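Written out below as C-alpha cells is the structure these notes cover.
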Protein chains: 2
Amino acid sequence: MKRPTSQDVAKLAGVSRAVVSAVLNRTPGIRVSPDRRQAVLDAIAQLGYRVDAQARGMRTGRSRTIAAYGNLDNPMFLQVLQGAQQSCMQAGYQLLLYGKNGQPQEQEELLALYQERRIDGLLTKDTTGFADEAFAALVQQAGLPFISVEGYPDEVNVLSILMDYGESIRMALDYIWQRTGGYPVYIAAYHGKPGEPRWGDRHRLAAYEAWMGERGESPRIFRLSLDEPEALTELMAGLPQPSSVLCNWFAASALVYRAAAGLGLAVGRDLYVMSADNTAQANRYMVPSLSSIEVPYAQMGAAAAERVIRLAEGREPSDAPPKIWIPPRLAPGESV
Amino acid sequence: MKRPTSQDVAKLAGVSRAVVSAVLNRTPGIRVSPDRRQAVLDAIAQLGYRVDAQARGMRTGRSRTIAAYGNLDNPMFLQVLQGAQQSCMQAGYQLLLYGKNGQPQEQEELLALYQERRIDGLLTKDTTGFADEAFAALVQQAGLPFISVEGYPDEVNVLSILMDYGESIRMALDYIWQRTGGYPVYIAAYHGKPGEPRWGDRHRLAAYEAWMGERGESPRIFRLSLDEPEALTELMAGLPQPSSVLCNWFAASALVYRAAAGLGLAVGRDLYVMSADNTAQANRYMVPSLSSIEVPYAQMGAAAAERVIRLAEGREPSDAPPKIWIPPRLAPGESV
DNA sequence: CTGTTAGCGCGTTCAC
DNA sequence: GTGAACGCGCTAACAG
C-alpha cells in the first residue's frame, strides 16, 4: 500500500494526469467538464491522494513556504509568529522558523534557504530601529522577498512593518492625564552606558516633550541605567504624592515598583505608573497590575507575512509604500 | 545569470553529475579521487551552487524538515521551539511551525503535511497529561514519526518527553525547608470547577503528601479556585508568621502576592512563597522575585527534536524506552 | 471547447 | 568512476 500518485488518480478517474493537475490548480488553458472534474475529485478522495509538495515545488520553482527569523529568547517574537502563521495559513503557505543565535553565518544561511529553494520569502523580527544595510543589500541582490518587523525604519529601500512610538506616548499621556489630571515624569531606561537613544526611544522622547510643551509644562525626563537602579529611589523620594511616572520600557516599570516598595509607596495610590510597552507580558501579574501601551505584534506579524507572500507571488504593486504603520494599543491596568 | 545546477558544476569541474552528488553526500559505492573531489568543491564555490532542496527531496522522499505543533499563546512553547531549533540545526533539519488554533481539522492538516512530504516528523507541545488516543492512532497508522512534549504520560505506545513533577515538588520542599526550617502549606489552584486533578497535579500532590508524611507532618492542602481568589485572603489571615506556602502554579503565587499585599504581609519576611513552575516567565519581575521550580522546556524541546529526527531517519532502536524524563530545575528568588 | 501527448525540472542511485 | 533511468507533477503545443 504505497503512496498514491497523480498517475493513480488519473487511471482511476479515466483521465490523463494533465487533467488531474488542471482540476487541482484550475489551470488556465485546460478546461475540464463538470462530470470529469467530479470523477477526478472522487478518485482523489477515494485514494486519499495528496500532491507531493516537493515534486510540485520542483516543477514550479516555489516552495509556498516563508521563513521567520527572530530572537527566540524574546516572548514577543511568539506573537509575531502567531500573526504570521495566521496569514500563512490563509494563503496556503507554511512558516519555517529560524532562530537568531547571534552567529554571523546566520545571514548567509537565511540566504541559502532561498537559494536552496526552501523558502519563497523572509520575514525578520528585529529590534526597534535595527538596520543592517549590508544584509539588506545581500537580500536585495539575491532577489529574496523580504520584510522587517520593527527594523529599518529609515531605509526606504527596505520594506518594514512599524509601530508609531510617538503615538504610543501620546496615548499613554492622554490616558494618565484623563485619569489623574497630572503631568508625568518620563523615565528613559537604558542598558549599559548612556548612548544615543535608539529610533523608538527618540520618537518617544520627542513625543513626550511635544505633548508637555503643548500644555505649557516643562518636560521632566529622568535617564535611568538599568544597571544602577538605586538612582531611582532617590528620584522617587523627591517626588510629591501622588505623582505619575511614564516609563519607556517595562523593565523600568518593574524597577519603579521595586523602589516604591522600598519607600513604602503604594502604586496606584501614592504613585501612578505606566509602561510604554509590555515587552515581558508580565504586566497583569504585577501587583497592582501595570497599565501599559502594547505593541500589537501579532497584527504586525500578520501584516508582514501577508506582504511577503504578495511579494513572493509578484502581486505587490511596485509603487506600494515601503513602510506600513500599525497603531499602538492601550492596555489599562490598576497602576493608573 | 540564472541559478547554477549540478549540471553546471559538473561541466566546470569536468566530471559527471553523479560525482557532484557523490561529493556532496559522500555516497557509499562511489569513490572520488581527492583531486577530482577538490575540483568539484572549487566549481561549487565558484558558481555559488546550492542543491535544490525540492529536487533532492523529490528524489529521496524526505524533506529534512520536522513540524512543531503547539499553542502559540503559551510563552513556554517558545522555549520548546528554541530547543527544537537547536537540535534541528545540528542535524541539518528545518523546523516548520504549526500553531494550534483549536480547530478540529488541524490534526488532519498535520497528517497532510506528512502525506504531502513536507515534513518527516512531528513534535507536539501538549498540556501536562494530555492524551488524544484517536490522534495518536492516526499518526501511527500514517507512519508519521511523532513525539509529544508533556503529553501522553501513560500511553506506552506514544513517545514522550516528560518532566518528573513529583521530583519538582520534593526539590521545592527541600529548598524551603533548608532556607526556613518550615513545613509549607500546599496551594493547589485550578481553573473553573474543582475536578479530578490532572496528571501533573496528581503527582505533585502525592509528592507533597509523601514528603510531609516522611517527616511526621500532616499535609496541609488548600484547594483554590482561580475564579474566587478571595478565599485565599481568609486562608492567609489564619496563618502564623512567618509561614511558607508552595503553589502548584505560577498564577496561584501571583494571587498570594496580591492577598499578602492586602493583608500587609511582606513576602520574603512574613511569608515565604514558592511556585512549582514558571509558566508566565514573570517570576523575576515580581517584587520580591519569586523562587520557583522551572520546567526545562528548551531542553525538552531539544530532546524531542533529536528523537524525532532519529526516528525519521530510522536510527532509533526499536527497543528504546517510550518515555524520556527530564529533571526539573531550581530557580531561587527572593521570596524564600 | 475539451482534453492528450510529451517533455521538462534536477539531483540521486543502480548497474556496469 | 560513468551513463541512464527515475521520481512526480506541471504545462506548452497540439488534436479532436
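Note that these values count all heavy atoms, side chains included, but never hydrogens, waters or copies made by symmetry. Since the structure is predicted, the reported quantities are computational estimates derived from the model, not experimental observations. Reminder, nothing fancy here: chain letters follow the sequence lines and each chain counts from 1.
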Taking CD1 from B/Ile44 and C1' from C/dC10, how many angstroms apart are they, rounded to a whole number?
14 Å
Looking only at the side chains, is there a donor atom on one of B/Tyr93 and B/Glu313 sitting less than 3.5 Å from an acceptor on the other?
yes
Between CD of A/Gln115 and P of C/dG11 the distance, given in whole Å, is 13 Å
Exceeds 12 heavy-atom contacts within 6.0 angstrom, atom NZ of B/Lys323
yes
Gap between atom CD of B/Glu150 and atom CH2 of B/Trp199 - 0.5 Å precision
7.5 Å
Any A/Thr60 side-chain nitrogen or oxygen under 4.0 Å from OP1 or OP2 of D/dG9:
no
Give the rounded distance in Å between these two atoms: CZ of B/Arg62 and C1' of C/dG11.
16 Å
Tell me: CG of A/Asp52 to C1' of C/dG9, nearest whole Å?
14 Å
Does a side-chain N or O of B/Tyr49 approach OP1 or OP2 of C/dC10 to a distance below 4.0 Å, or not?
no
Checking contacts here: which listed nucleotide (C/dG7, C/dT12, D/dG7) is nearest the side-chain heavy atoms of A/Met58?
D/dG7
Please say which of A/Leu122, A/Ile119, A/Asp120, A/Leu144 ends up in a side chain to side chain contact (heavy atoms under 4.5 Å, CB included) with A/Leu113.
A/Ile119
At less than 4.0 Å, is any side-chain N or O atom of B/Arg56 found next to OP1 or OP2 of C/dT12? Yes or no.
yes
From D/dT11, D/dT2, C/dG3, nucleotide with atom closest to A/Arg59 side chain:
D/dT11
Do the side chains of B/Glu106 and B/Lys100 get close enough for a salt bridge, i.e. N-O under 4.0 angstrom?
no
d(CD, B/Gln54; P, D/dC8) in whole Å
15 Å
Counting only side-chain N and O atoms of B/Asn25, is one of them less than 4.0 Å from OP1 or OP2 of C/dG11?
no
Rounded to whole angstroms, how far apart are CD on B/Gln7 and C1' on C/dT12?
14 Å
Would you say the side chains of B/Asp132 and B/Gln107 form a donor-acceptor pair under 3.5 Å?
yes
How many Å lie between CZ on B/Arg3 and P on C/dC8, as a whole number?
19 Å
So B/Arg117, base contact, sugar-phosphate only, or nothing? Heavy-atom distance under 4.0 Å.
sugar-phosphate
Picking from D/dG9, C/dC10, C/dT2, the nucleotide nearest the side-chain atoms of B/Thr5 would be C/dC10
Closest-nucleotide 5' rank along DNA chain D - winner of B/Pro34 and B/Ala55:
B/Pro34
Would you say that more than 12 heavy atoms from the other residues, nucleotides or ligands in this model lie under 6.0 Å from the CD of B/Glu108, or not?
no
B/Glu109 side chain to B/Tyr98 side chain, donor-acceptor N/O pair below 3.5 angstrom:
yes
May I have the distance from B/Arg36 (atom CZ) to D/dT2 (atom C1'), rounded to whole angstrom?
10 Å
Rounding to 10°, can you tell me the angle the first-five-pair axis of the helix from C/dC1-D/dG16 to C/dC16-D/dG1 makes with its last-five-pair axis?
40°
Residues in residues 15-22 of chain B with a heavy atom under 4.0 Å of DNA chain D, by number, are B/Ser16, B/Ala18, B/Val19
Test item: side-chain donor near acceptor, A/Asp42 and A/Gln38, under 3.5 Å:
yes
Can you tell me if B/Thr65 uses its side chain to pair, donor with acceptor, with the backbone of B/Ser63 under 3.5 Å?
yes
